[in-house]
Amino acid sequence: MAKMWAGRTDGVTEKIADDFNSSIAFDSRMYKEDICGSMAHAAMLAKCGIITDAEADVLTEGLAGILSDLESGKLSVDMTAEDIHMFVEQVLTERVGDVGKKLHTARSRNDQVALDLRLYLRGEINSICEKLKRLTSVVTDKAEEYKATIMPGYTHLQRAQPVTFGHHLMAYAMMLLRDIDRLSDTARRMNVSPIGSCALAGTTYSTDRRFEAEKLGFDGICLNSLDGVSDRDYAAELLSDISIIMMHLSRFSEEIVLWSSWEFKFVELSDAYTTGSSIMPQKKNPDMAELVRGKVGRVYGDLMGLLTTLKGIPLAYNKDMQEDKESVFDACDTVKMCLDVFCGMIETMKAIPENMRKAAGGGFINATDLADYLVVKGMPFRTAYKISGSIVAQCIKEGKVLETFPLESYKEYSELFDESVYGAVDLDSCVNRRISEGGTCVASVERQIAEVRDLLK
Ligand code: ARG
């Protein structure tokens, strides 16, 4: 069958060329946006007197019928069509006759596809934000549960200073909040309408782009028609936002993998979010966390793929740009799945406070507090630091920890030591004296929790 664009050529193409050229397999998911965009376009054409009101009604009804038939399954997408835009227009013309051929007045597929993609991704941003909010709230609830549970805080994966598990979890809540903020920012820049840019240069008809944009919920219009049809910044921005979300999830995943190992055993994942081995009966594997960590690779690939596709494309529309969709759709699908699975995994994860505490007690994690103890008693910090380091070395030699190092041994290092040193190196007091804003003491974690819950409202 000859193509809708037959004219300049006979429109008869090889099957292999059709298959190669077609984007329906992946752009059919934008059917709703395409139809809603066309309804707004028909309304604009009528408002500007380019078609009659009666014609607009016929078009709108026809489009509404296609939408409901697609949703009910009465109509299915023809996978041999060139793309979703051609498919909808073709079915419309079959159903309503020649009026259908008027719909494409004062627009082009170039601004149409740019419109559909913005509308579609706007919806995706909303649903990713909802999922992020849910995860943030799950993480915050967990943090509350463990706001006083002491664990080692690490630098270089070496035990550094004691923190609470609640404080550690709230660090992730902060990352997720920034992710939401970043997406809202992208959504704001994305929410301008390209429709009416037409093929590249605008149109000779006296259209009302702002009317059409407003009907579709945009905040404004793309101010330059060449830019309107060739801008894909919003897709690249969204992909980089998603890449950052995935990076956060992957850091979280890595910690969950470590924490659930026998070497740490800080947490126990629910059976519902782990798998077994086909050969080793003892295994309980954190597959969900590993898969999330792994999927970051494909999402970074999606971002690099799009950036590379866009690089060096001259203005305005070029067919290269059809390659924009699969990467951004894949990233949206992936991050949504990861966020859902993460929610369940964290919700059902249980900490093992005894093990966390044991690990916190074994690594001289309170050595900074020992130095601070001497500083409070008047010693300069550098001197106190050096003495504390020597005491740690002595403890290691004797197989002791700061809590069990005898007072007379302490006194050999400085006369400033007395019985109160044991209170200073006690883990609970180490944590609860860290009262600076954003610090790890229980009251500070409670403040963080309250703040985040407030922001989530
Ligand atoms: N399927 C095309 C895409 O995804 C639609 C735009 C086609 N425009 C054109 N001039 N061939 O980009």
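The basis for the numbers below is simple: all heavy atoms, side chains too, and nothing from hydrogens, waters or symmetry mates. Atoms within a ligand are numbered from 1 in the order they appear, just like the ligands themselves.
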### Task
Please write down residue, atom name and distance for the protein heavy atom closest to atom 1 (N) of ligand 1.
Gln322 OE1, 2.7 Å

### Message
Counting non-hydrogen protein atoms only, what is the nearest one to atom 10 (N) of ligand 1? Give residue, atom name and distance.
### Response
Asn110 OD1, 3.0 Å

### Donor-acceptor contact below 3.5 Å, side chain Asp19 vs main chain Ile16
no

### Query
Just one of Thr274, Asn285, Asp287 clears the side chain to side chain contact (heavy atoms under 4.5 Å, CB included) bar with Leu269, so which one?
Thr274

### Task
May I ask you to list the atoms of ligand 1 that are less than 4.0 angstrom from any heavy atom of Ser23?
1 (N)

## Note on the structure
Looking only at protein heavy atoms, what sits closest to atom 11 (N) of ligand 1 is Arg109 NH2, 3.8 Å

## Note on the structure
Heavy atoms of Ala114 and Tyr234 approach each other most closely as O-OH, 3.6 Å

### Query
Can Gln112 and His41 be counted as having a side-chain donor-acceptor contact under 3.5 angstrom?
no

### Within-cut-off N or O pair, Lys325 and ligand 1, under 3.5 Å
yes

### Task
Kindly say whether Asp233 contributes a backbone atom to a donor-acceptor pair with the side chain of Asp231 at under 3.5 angstrom?
yes

### Task
Name the closest protein heavy atom to atom 5 (C) of ligand 1, giving the residue it belongs to and the distance to 0.1 Å.
Asp83 OD2, 3.5 Å

#### Entry: Six-ring centre of Tyr317, Arg109 cation under 6.0 angstrom, axis tolerance 45°
no

### Message
Give me the residue, atom name and distance of the protein heavy atom closest to atom 6 (C) of ligand 1.
### Response
Tyr317 OH, 3.5 Å

